Amino acid sequence: MGIRLDWQVESEQTQVRATEDPEARRQRHRARRRLLLIVLAIGAVVALLIAAVIWRLEAVDSHYRQDLLDTVEIEVTALRLGDFPGYIAIQRSTDPNFALEQSREFEAYQQLKQAHRVELTGEVLDVTIDDLRGRVVLEEVIDGVPYKVVWFYWYYEDGGERDQAGWRRVPDDLAYFWGEEQAIERDGVRVTYRDLDEQMAQALADRAEGWWRRGCEIARCAAPPPDLHIDIVAARPPAIEWSASDPWTLTVTSPLIDRARADVPIPPDMERAIARQIAARLVRYVAGNAAPVAHSDAAWLHTELGNWLGATLLAGEGALVSDSSFVGTIINQYGPDAPVTMIAALGPGAVLNDVVAAVTGVSLPLLSTDQLGDLNWRGFFQWRLDLESRLLAQPDSGGTFLSLYDLETQSAANEAALRIEDPAYAARPVPQVGTVAITRDENSQTYAYVETVRVENGVEVAETIFWRLAGGTWKRAS
């Protein structure tokens, strides 16, 4: 046994490979092909099974979807025909109030039909099925305007006492079946919403970004405000209000919880309300970010300036509203910078004189009656009359009520004291303000004579109410 060199070993291996049986090689290749064919066959069978499962699931989904569409058509047909038994048979819930609510809905549709105001097209705009839950968005036309409504359904697999197997209309599932939560980020603005409100959220994000930027430019923010957060929620009762936990979060109720315009992404009345809320928030921010004292002139001025700024934002880029409102009439007399001056003077407890004098350069009593008369005071006096009514309905508000009166005039003080104790006076309809006339007597006392009308038992009652300019504001003297 000797030592073999590497080249000798390689030579022997080459000889062994060279003498491999051809038949064995063919059998090995055939085995490989058989194995490959088996793997391919198994793969094809698996793919076929998966395709069959998918097809079956799609068929089931299609069946469930068609059943739901058929149920919706039956319900809409019952509304068209005024078939209450057929309509109520589609409804089902363990909540005893639901049947009553649906009865009222049926009657509301019938009244619209009798007035020839509604067209129940039955067109389904969107269908979503999640297990046994169904949600349908329908179109209907009222007074020629297309609207969207959302109806919710549940698939009952056994009929129960009333043999109601299949899809049945159920109470609105606002909390859990409104879609996934989404968010849109813009410069200085964030809008959160759920899937059903995507169209509105997209439009609102674009508009709110412009309103936030331009509102700050018009009001002349000394520094950029914190980012605005708008949260679109599906909840009742509907509201557009600032969050109690975050002063920069505006909560907006989805219009789809009731009936929403289908021809515009944001209902016009809702768009105006949102713009006014945003404008009012910017006014408060520029005025020092402190809430005005309740029932004060400052509270009314905050509202007026917010409404003016909101109208200006809605008017579009570059517009500056100069209308017949109180702020508009000040602009007409003292120029476009007047609102900015008013906001700067708007402290939490400011009275009319503090703010108006900042614009005019003189106090209210020194303005001529013509200058005072050129201002639109109707909104202020209407607010005061509404405020009186609210205060009389609230406990422990006597002091605030009396502060609205000219207590330096004995007759006015006596009237105020009597009205606090008079339930009949508190129950009277609030007078509606008509014309306002400003006069000044020989003692240089300035008065506003306000013509009002209230309706009692179907009869119009006219009354002249007058206020005296005292303490920097108008005090009721009659």
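Reckoned from all heavy atoms, side chains included, excluding hydrogens, waters and symmetry mates. Keep in mind that this is a model prediction, so the values were computed, not measured.
- D95 and S93 share no side-chain donor-acceptor pair at under 3.5 Å.
- Side-chain contact of D197 with W178: a donor-acceptor pair under 3.5 Å is present, judged by distance alone.
- Using a 4.5 Å heavy-atom threshold, the side chains of V252 and L250 count as touching.
- For R390, the side chain to side chain donor-acceptor pair (under 3.5 Å) test picks out no residue, with sequence neighbours left out.
- With hydrogens and angles left out, the side-chain atoms of Q91 and E75 include a donor and acceptor closer than 3.5 Å.
- For the pair R384 and L404, the minimum side-chain heavy-atom distance is below 4.5 Å.
- Considering CE of M270 and CG of L204, their distance stands at 9.5 Å, rounded to 0.5 Å.
- For Y153 and W167, the gap between ring centers reaches or exceeds 6.0 Å.
- Once rounded to the nearest 0.5 Å, the distance linking CG of D374 with CD1 of I330 reads 11.5 Å.
- A donor-acceptor distance shorter than 3.5 angstrom exists from the side chain of R214 to the backbone of T312, with no hydrogens or angles considered.
- Residues T192 and D231 have side chains that bring a donor and an acceptor to within less than 3.5 angstrom of each other.
- Counted by atom type alone, Y193 and Q199 present zero donor-acceptor pairs between their side chains at under 3.5 Å.
- For the residue pair N376/S324, the side-chain donor-acceptor check at 3.5 Å is not satisfied.
- With 3.5 Å as the limit, one finds a donor-acceptor pair spanning the side chains of T77 and E73.
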Does the pair R281 and N289 meet the rule for a side-chain hydrogen bond (donor to acceptor under 3.5 Å, both in side chains), with working shown? CA-CA 9 Å; R281 190 66 190 84; N289 215 22; 3.1 Å; yes

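- The backbone N or O of I257 lies less than 3.5 Å from a partner atom in the side chain of R236, making a donor-acceptor pair.
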Assess the residue pair R207 and E209 against the criterion (salt bridge (charged side-chain N to carboxylate O under 4.0 Å, His left out)); give the C-alpha distance rounded to whole Å, side-chain angles, the decisive distance to 0.1 Å, and a yes or no. CA-CA 5 Å; R207 293 176 199 182; E209 179 185 17; over 6 Å; no

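- Atom SG of C216 is separated from atom CH2 of W211 by 16.0 Å, given to the nearest 0.5 angstrom.
- Defined by atom type and a distance below 3.5 Å, a donor-acceptor pair is present between the side-chain atoms of R419 and Y405.
- A donor atom on one side chain and an acceptor atom on the other are found under 3.5 Å apart for E139 and T121.
- Remark: aromatic rings of W300 and F326 are close, center separation under 6.0 Å.
- Residue E217 qualifies as enclosed at atom CD: its count of foreign heavy atoms under 6.0 Å is above 12.
- Of the possible polar contacts, one joining the D195 side chain to the E180 backbone as a donor-acceptor pair under 3.5 Å is found.
- In this structure, A345 and D354 approach most closely via the heavy-atom pair CB-O, 3.9 Å.
- At distances below 3.5 Å, at least one donor-acceptor pair connects side-chain atoms of R133 with backbone N or O atoms of Y176.
- The distance between the ring centers of W467 and W377 does not fall below 6.0 angstrom.
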Could you go through R476 and E388, starting from their C-alpha distance and side-chain angles, then the distance that decides it, and tell me whether this counts as salt bridge (charged side-chain N to carboxylate O under 4.0 Å, His left out)? CA-CA 11 Å; R476 184 167 177 177; E388 280 192 25; 3.0 Å; yes

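- Side-chain atoms of D422 come within 3.5 Å of backbone atoms of A424 as a donor-acceptor pair (strictly under, hydrogens ignored).
- Looking only at distances, no side-chain donor or acceptor of R92 sits under 3.5 Å from a matching main-chain atom of Y156.
- In terms of heavy-atom proximity, A208 sits nearest to I278 at CB-CD1, 4.3 Å.
- Residues Q202 and D206 bring no donor and acceptor atom of their side chains to less than 3.5 Å of each other.
- With respect to E140, the salt bridge (charged side-chain N to carboxylate O under 4.0 Å, His left out) criterion is satisfied by exactly one of R117, K113, K148, R259: R259.
- Between F177 and W154, the ring center distance fails the sub-6.0 Å criterion.
- L402 approaches A416 most closely through the heavy-atom pair CD2-CB, 3.6 Å.
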